[in-house]
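What follows is a single structure, written as structure tokens, with notes after it.
Values reported hereafter were calculated over all heavy atoms of this structure, with side chains retained and with hydrogens, waters and symmetry mates removed. Every chain is numbered from 1, with letters handed out A, B, ... down the list of sequences.
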2 protein chains.
Amino acid sequence: MKAGKGKKIDAEEFDLEQFLPYLLNQAAEATSRAFQEVYRTTYGMTRTQWRILANLGRFGAMTARDICRISHIEKTKVSRAITALEREDLIDRRVSETDRRAEILTLTPRGEERFAELGRKAIEHDRQVRAQLGAEVAEQFAAVLRTLIASAQGRGEADDAPD
Amino acid sequence: MKAGKGKKIDAEEFDLEQFLPYLLNQAAEATSRAFQEVYRTTYGMTRTQWRILANLGRFGAMTARDICRISHIEKTKVSRAITALEREDLIDRRVSETDRRAEILTLTPRGEERFAELGRKAIEHDRQVRAQLGAEVAEQFAAVLRTLIASAQGRGEADDAPD
DNA sequence: GCCATATAGTTGCACTTGCAACCATGTCAA
DNA sequence: TTGACATGGTTGCAAGTGCAACTATATGGC
């Protein structure tokens with residue numbers, strides 16, 4: 001059999017379907033897909049746009065930079081999503097008076113409305129997932145996820161989830 | 001306060017950081033990031049390419065269609081990844097004799113070598129993640145992930161994880 | 001004030017992606 | 001056999017994306 005510098009890998013040893021990163025990705029994608037339908041097909045929004053809307057709805061006015069820090073999304077992605085959200089009249093931007101480089105973002109009434117709409121559906125979606133797992137399991141599960149996120153952030157990068 | 005057709009959402013009720021899909025995405029991304037470095041910066045491979053390599057290494061010769069079915073990756077993505085892998089002389093394709101539409105894919109010696117190399121590192125990476133969680137927690141965690149994946153697949157779509 | 005350096009945000013570019021449309025082959029039924 | 005439909009795989013196109021380079025403003029030392 002062929003061997004490079006290392007030993008050949010055993011098929012039993014290498015079980016792709018057991019790999020946590022692999023499972024994690026599949027699960028994340030599967031779970032997001034469902035909800036993506038809501039904002040995507042109903043409103044033509046991207047994940048980034050939805051996330052920004054959610055952050056502004058949840059935490060109130062803030063700058064693009066704040067959003068980057070909080071949600072670990074690339075700043076160019078944020079910039080373009082903001083442009084799109086503004087074009088749709090969902091957010092307002094006004095130059096900060098204390099720092100004229102920065103722009104304060106707020107939801108417009110229309111933005112509030114959409115946030116309320118999507119937020120309710122997000123809560124509902126989350127409830128369904130939790131219900132499926134059972135409350136206790138869901139909580140443990142969430143705890144593990146937080147562990148993984150925290151440890152990665154501690155180690156170095158953190159960052160974004162794709163669309 | 002502004003209200004659309006639905007009630008306004010309570011900031012406490014809408015806690016983005018508690019949402020399972022959100023946590024799941026962050027965790028998945030964080031966990032993959034680390035390993036992505038290996039195949040990406042060392043070999044310039046994409047996630048799809050690595051996954052195809054892994055599947056061929058694990059299960060042996062198969063068609064692009066099989067890979068789609070097994071790993072739930074979009075067929076165009078598979079098609080292009082295969083083209084790239086072939087250009088790098090990592091896989092061979094030959095037309096199936098029983099169905100001349102299909103192409104049987106196999107790893108070249110060079111492909112085997114790279115699979116061995118990356119496979120070893122993947123196992124190592126998985127071990128680290130599991131070690132961090134503890135064996136028992138890791139197993140329960142994996143079980144939950146499988147539940148989520150299965151339920152999504154049953155419900156309708158399944159599909160892919162992004163790069 | 002003036003310069004060097006840092007930061008908020010945008011833009012150009014090259015690349016990846018998903019979708020629909022497409023080509024070639026296979027299948028099944030009359 | 002032939003025609004209608006299904007299937008494996010590729011390609012054109014219109015997004016979305018990351019990165020590096022850029023503009024404009026801010027800040028701190030001199």
Return the value, rounded to whole Å, for the distance between atom [atom1] of [X] and atom [atom2] of [N].
X	N	atom1	atom2	result
A/I104	C/dG9	CD1	P	8 Å
B/E74	C/dA20	CD	C1'	11 Å
B/L85	D/dG9	CG	P	14 Å
A/I73	D/dG18	CD1	C1'	14 Å
B/M62	D/dG9	CE	C1'	17 Å
A/Q36	D/dA15	CD	P	16 Å
A/R100	D/dT23	CZ	P	19 Å
A/K75	D/dA21	NZ	C1'	10 Å

Problem - Residue mapping more 5' on DNA chain D - nearest nucleotide basis, A/D99 or B/R65 - result: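 It is B/R65 whose nearest nucleotide is closer to the 5' end.
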Problem - Nearest-nucleotide comparison on DNA chain D, the residue closer to the 5′ end among A/T98 and A/Q49 - result: A/Q49
If you measure from the Lys or Arg side-chain nitrogens to the Asp or Glu carboxylate oxygens, is any gap between [X] and [Y] under 4.0 Å?
X	Y	result
A/R33	A/E37	no
A/R146	B/E17	no
A/E86	A/R93	yes
A/K121	A/E117	yes

Look at the side chain of [X] and decide which nucleotide, out of [options], has an atom nearest to it.
X	options	result
A/T76	D/dG18, D/dG9, D/dT11	D/dG18
A/R40	D/dA26, C/dT10, C/dG18	C/dG18
A/S79	C/dT10, D/dG9, D/dG18	C/dT10
A/T46	D/dG16, D/dG9, D/dT10	D/dG16

Handout entry: base_contact_polar (D/dG12 base, B/R80 side chain, donor-acceptor, <3.5 Å)
Key = yes
Problem - Base D/dT7 to side chain B/R101, donor-acceptor N/O within 3.5 Å cut-off - result: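 Check passes, donor-acceptor contact within cut-off.
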Practice task
Just do the side-chain hydrogen bond (donor to acceptor under 3.5 Å, both in side chains) check on A/D99 and A/S96 with the steps written out, would you?
Solution key: CA-CA 5 Å; A/D99 182 344; A/S96 159; over 6 Å; no
Exercise for the section: Tell me what A/S96 touches on the nucleic acid: a base, only sugar-phosphate, or nothing, going by heavy atoms under 4.0 Å. Expected result: nothing
Exercise for the section: Taking only the side-chain nitrogens and oxygens of A/R93, find out if one of them lies under 4.0 Å from OP1 or OP2 of C/dT10. Expected result: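 Yes, such a contact exists.
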